[in-house]
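Order of the sequence lines sets the chain letters (A, B, ...), proteins ahead of strands, with each chain counted from 1.
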There are 2 protein chains.
Amino acid sequence: MEDKEEKKISAVVIRRLPRYYRYLGELVENDVQRISSKELSEKMKVTASQIRQDLNNFGGFGQQGYGYNVKYLYDKIGKILGVNEPHNMIVVGAGNIGRAICNYSDFSKRGFVIKGLFDNNKELEGKEIAGVGIYSTDKIKDFIAENHIEIVALTLPKAAAKEVASVVVEAGIKAIWNFAPVDLNLPPDVIVENVHLSESLMRLSYAIANNKE
Amino acid sequence: MEDKEEKKISAVVIRRLPRYYRYLGELVENDVQRISSKELSEKMKVTASQIRQDLNNFGGFGQQGYGYNVKYLYDKIGKILGVNEPHNMIVVGAGNIGRAICNYSDFSKRGFVIKGLFDNNKELEGKEIAGVGIYSTDKIKDFIAENHIEIVALTLPKAAAKEVASVVVEAGIKAIWNFAPVDLNLPPDVIVENVHLSESLMRLSYAIANNKE
DNA sequence: TAGATTGTTAATCGATTAACAATC
DNA sequence: TAGATTGTTAATCGATTAACAATC
C-alpha cells in the first residue's frame, strides 16, 4: 500500500533512535518546548551533525533558525519506533528472567502488553505471575492466533529456544526477543533482538582486564 | 608494567569477541580439533576476512595451511576476555531483575561470582536469595573493599542508579553493569555496559512497524 | 613438494563529521 | 531584516571485504 520509503535506513541509526526517544521524553517531562541539535548533542554527548543526519533519514522535523519542537519530535520518533500503538507479547519460559519480565511493569507503560507466560512445567499451568496467566507450551500456536500476539520473548535454555522459535515463526510471528545464548537462524523477514547477558558481562571483564593503561 | 599493546582495539571488535568465544566453546564441546576461518565464517555468517582481521588484533593464533586449533583459540580468547579468572560482583537493587541475576547460575559457571545483593528495604536485610546474602545499601563501600569486588550490577530505578554509581566509583569500582534506563556519566576509566531492555524492545517494535515491504 | 590457509596489505564501502547554502 | 539553525552536500574517517604473498 505504502511505498514512500526509498533507501533502507541503516541499523546503526535505528539503534540510536530509542536513546533519542528517552532524552526527548525527559525533556517533555521537564516542559522543555524547543531544543536545537547543538543543545541536544551536548546533553547526549554526540555530535549535532549526527543528530541532524539521523533525524533527516525520516524527514525534516525541525525548523531553520528555531530548532526542534520537543513534543512534536518526541511523538514523531515514538511513531517511527511503533510505540504509539500497543503490541501484544508472550513470554516463553517461566524461569528467572521470564518471571522478571512479567513482573516488570515498565514495558506495559510503553504499550508492550504481556498476554501470557508459557512453560513446560505442568505444575505451573493455570497459575499466574503479576497477573499474567501461565499456560502449557503446546498451546502457543493457538494462543498467538487468538490473541494477536506480535512479539515472543524467549527465556529458555538454548535448545528449547530454537525449537520454540521455529514453532512461533510457523505461527506467523515476525519479532522475537531472544534471551537464550544462541543465534536463532530464522527467515530474513523475522527480526530477532538478542539480549545476551553473558556476552555483555564478558565485555565488562574484558574492560577490567585491559583497563591498565 | 606492561606496555605491549600499541594501537587501541576498536569497540566493534570487542563486541564480537564473546560471540567467537561462544562458537568456539561449542566446537570444544563437540571435540572439534581444528577449524579454518572459512568454515567458522560459514557457521557464524560473517566473512572469513573479518574473523582473520579481528583475531589478528591480538596476535597470530592460527597456522598457515592448517587453520586454527579450536581449544587453543578458545583459551586465548577467554584470556583476552578475562574469563580465565574469577570476578567478584555485587548486585544493587533487589527487584525483579536483581533477583533474577542472583538466581541465574550461568554467570558463576563463567567465573562471575555474586558476593552480595544490596537493597534499601530494611526488611530484606539478613535474608538471602539463591545463596546470596542481602545487605543494606549503606554497607556497599566497605563491602567492596573487603570482598575485592570488581563489578557492580545496578538494577535500580534511574535516580537511585545514578547515586549508587557515584558511590561505587568512589569506592574504586571500574566496571558497572547498568540495567537502569539512564546514561551514567562517569569518569572515562570507568566502563559501563548498559542493558537497556526497553530500548531493545523498541527496536523490535520498530521492526514490526517497518517490516511491511 | 604441492595444497591449503593464514597474516597482512590494498581497495571498497559505509558511517561520521564538517561545512554551508537554504530558510525560518 | 539579521541571526540562528536546519537540511543536505562534501570531506574525512574507520570498518569491512578482497586479494595475495608468506608459510606451514
*Please check if the side chain of B:S36 supplies one atom and the backbone of B:G67 the other of a donor-acceptor pair under 3.5 Å.*
no
Under 3.5 Å, N/O pairs linking protein and nucleotides 9-13 of chain C:
residue, atom, partner, partner atom, Å
C:dT9, O4, B:Q53, NE2, 2.7

Listed by chain and number, what are the salt bridge (Lys or Arg N to Asp or Glu O under 4.0 Å) partners of [X], not counting sequence neighbours?
X: B:E170; answer: B:K141
X: A:E42; answer: A:K38
X: A:K158; answer: B:E26
X: A:R52; answer: none

*So which pairs with a foot in residues 32-57 of chain B pass ring pair (Phe, Tyr, Trp, His ring centres under 6.0 Å), sequence neighbours left out?*
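Output for this query is empty, none listed.
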*What pairs meet the ring pair (Phe, Tyr, Trp, His ring centres under 6.0 Å) rule with one or both residues in residues 17-53 of chain B, with sequence neighbours excluded?*
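Of all non-adjacent pairs touching residues 17-53 of chain B, those that pass ring pair (Phe, Tyr, Trp, His ring centres under 6.0 Å) are B:Y21-B:Y74.
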Grab the [atom1]-[atom2] distance between [X] and [N] for me, whole Å please.
X: B:K76; N: C:dG7; atom1: NZ; atom2: P; answer: 12 Å
X: A:E39; N: D:dT6; atom1: CD; atom2: C1'; answer: 14 Å
X: A:K38; N: D:dT6; atom1: NZ; atom2: P; answer: 11 Å
X: B:N57; N: D:dA15; atom1: CG; atom2: C1'; answer: 11 Å
X: A:L55; N: C:dT16; atom1: CG; atom2: P; answer: 14 Å
X: A:Q33; N: D:dT5; atom1: CD; atom2: P; answer: 16 Å
X: A:N56; N: C:dA22; atom1: CG; atom2: C1'; answer: 13 Å
X: B:D54; N: C:dT8; atom1: CG; atom2: P; answer: 14 Å

*Summary of side-chain hydrogen bond (donor to acceptor under 3.5 Å, both in side chains) pairs that have at least one residue in residues 109-118 of chain A, sequence neighbours excluded*: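 For residues 109-118 of chain A, and leaving out neighbouring residues, the side-chain hydrogen bond (donor to acceptor under 3.5 Å, both in side chains) pairs sorted by first residue read A:D106-A:K109.
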Compare side-chain N and O positions of [X] against OP1 and OP2 of [N] and report whether any pair is under 4.0 Å apart.
X: A:R16; N: C:dT16; result: yes
X: A:Y68; N: C:dC24; result: no
X: B:S37; N: C:dT6; result: yes
X: A:T47; N: C:dT16; result: no

For nucleotides 1-4 of chain C, which of its nitrogen or oxygen atoms have a protein nitrogen or oxygen under 3.5 Å away, and what is each distance?
none

*Closest listed nucleotide, where the reference is the side chain of A:Q63 and the choices are C:dC24, C:dA19, D:dA15*: C:dC24
*Tell me what B:S36 touches on the nucleic acid: a base, only sugar-phosphate, or nothing, going by heavy atoms under 4.0 Å.*
sugar-phosphate
*Check every strand shown and say whether A:S49 touches a base, only sugar-phosphate, or nothing at a heavy-atom separation below 4.0 Å.*
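Base: the residue A:S49, judged by heavy atoms under 4.0 Å, touches a nucleobase.
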_Residue whose nearest DNA chain C nucleotide is more 5′ - A:R52 or A:V13_ =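 Nearest-nucleotide comparison on DNA chain C picks A:V13.
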*asked:* Taking ring pair (Phe, Tyr, Trp, His ring centres under 6.0 Å) as the definition, give me every residue that meets it alongside B:F107, ordered by chain and number, with sequence neighbours left out.
replied: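 Here the qualifying residues are B:Y104, B:W177.
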*asked:* So, using ring pair (Phe, Tyr, Trp, His ring centres under 6.0 Å) as the criterion, who are the partners of A:H87 when residues are at least two apart?
replied: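 A:F112.
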*B:L204 versus A:I191: any side-chain heavy-atom pair under 4.5 Å?*
yes
*Identified stems (criterion: three or more consecutive Watson-Crick or G-U pairs, under 3.5 Å), DNA chain D*: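 Runs of three or more consecutive pairs: C:3-24 with D:3-24.
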*A:N178 and A:H196: which non-hydrogen atoms are nearest, and at how many Å?*
ND2-NE2, 3.7 Å
